[in-house]
Novice: 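Once you've had a glance at the structure underneath, I'll fire off some questions.
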Amino acid sequence: MSQTLKWSVNLNPARLSPFRQIDELYDRTTPTIEQLQDLGVGFVRLDLRWEWLEPEPGIVDEQMVAWYHHYLTALERAGIAVYAILYNPPAWAQELAVRDLAGFHEAWRRYCRLCAREWSDRVTVWQVWNEPNNYVSHLKDDFNLFHTRSFALGGWR
């Protein structure tokens, strides 16, 4: 019995437009999805970037919401499933976490609800933080509230 292998790739939207240029994101959506189809990709792991969706506390960037709808719909039409990562906290949220952890948690819940409300019909798998147990995140000083020990080149501390 022959079976077609379905590939999965990680495609962070920042690779389509590193500086969050909305026109660039739209322009690159179709060619990117065509390339994914040519490669036989069946699943895409992508970030629903908090810093792009809520750049200021309580201010949702509706243009970004619309682009994500466009992108996720285009992926679905191409037969490509989505594994969404909720991550990339904006600078204001990182600062909030230091001075008001409860406030950060409320902001985090608001962002998670936004994503679920907007894209629950387009996302197959949800990941609600990016690899909090990955020691590499500590090496690159990644923002990560969900650890009790940190890793340095000398070992765990």
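FYI, side chains are in, hydrogens and waters are out, and symmetry mates aren't considered; it's all heavy atoms of this structure.
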Novice: Could you note down all residue pairs passing side-chain hydrogen bond (donor to acceptor under 3.5 Å, both in side chains) where residues 51-67 supplies at least one of them, sequence neighbours left out?
Specialist: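 Every pair satisfying side-chain hydrogen bond (donor to acceptor under 3.5 Å, both in side chains) with a residue in residues 51-67: T29-W67, R49-E51, W50-E54, E54-R110.
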
Novice: Kindly compute the distance separating OG (S8) from CG (L39), expressed to the nearest 0.5 Å.
Specialist: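 Reported to 0.5 Å precision, the distance equals 12.0 Å.
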
Novice: Within this structure, what is the CG-CG distance for the pair N12 and N88, rounded to the nearest 0.5 Å?
Specialist: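 Rounded to the nearest 0.5 Å, the CG-CG separation comes out at 6.0 Å.
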
Novice: Holding to side-chain hydrogen bond (donor to acceptor under 3.5 Å, both in side chains), I want the full list of residues that pass it with Y26, two or more places apart in sequence or in another chain.
Specialist: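 Not a single residue meets the side-chain hydrogen bond (donor to acceptor under 3.5 Å, both in side chains) criterion with Y26.
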
Novice: We want to know whether T73 and R122 form a side-chain donor-acceptor pair, criterion being a heavy-atom distance below 3.5 angstrom.
Specialist: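 The answer is yes; a qualifying pair exists.
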
Novice: Please check if the number of heavy atoms outside R77 that lie under 6.0 Å from its CZ is greater than 12.
Specialist: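 Not buried by this count: 12 neighbours or fewer within 6.0 Å.
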
Novice: Any side-chain heavy atom of I22 sitting closer than 4.5 Å to one from S17?
Specialist: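 No; the side chains remain at least 4.5 Å from each other.
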
Novice: Between atom CG of L11 and atom CG of L16, what is the distance when rounded to the nearest 0.5 Å?
Specialist: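 Separation between the atoms: 5.0 Å.
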
Novice: Quick one about Y68 and E118 (side-chain donor to acceptor, distance below 3.5 Å, no hydrogens or angles considered), yes or no?
Specialist: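 The answer is no; no qualifying pair exists.
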
Novice: Under 30°, 30 to 60°, or over 60°: which ring-plane class applies to Y111 and W108, parallel, tilted or perpendicular?
Specialist: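 Rings of Y111 and W108: tilted, 30 to 60°.
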
Novice: First locate atom CG of L48, then atom CD1 of I85, and finally report the distance between them rounded to the nearest 0.5 Å.
Specialist: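 Those atoms lie 8.5 Å apart.
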
Novice: Before accepting this row, confirm whether a basic side-chain N of the pair E106/R113 lies closer than 4.0 Å to the acidic partner's carboxylate O.
Specialist: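 Judged by the 4.0 Å cut-off on N to carboxylate O distance, E106 and R113 do form a salt bridge.
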
Novice: Atom CG in L101, atom CG in L96: separation rounded to 0.5 Å?
Specialist: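 Here the rounded value is 8.5 Å.
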
Novice: To the nearest 0.5 Å, what is the distance between CD on E76 and CG on D121?
Specialist: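 Nearest 0.5 Å value for the CD-CG distance: 7.0 Å.
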
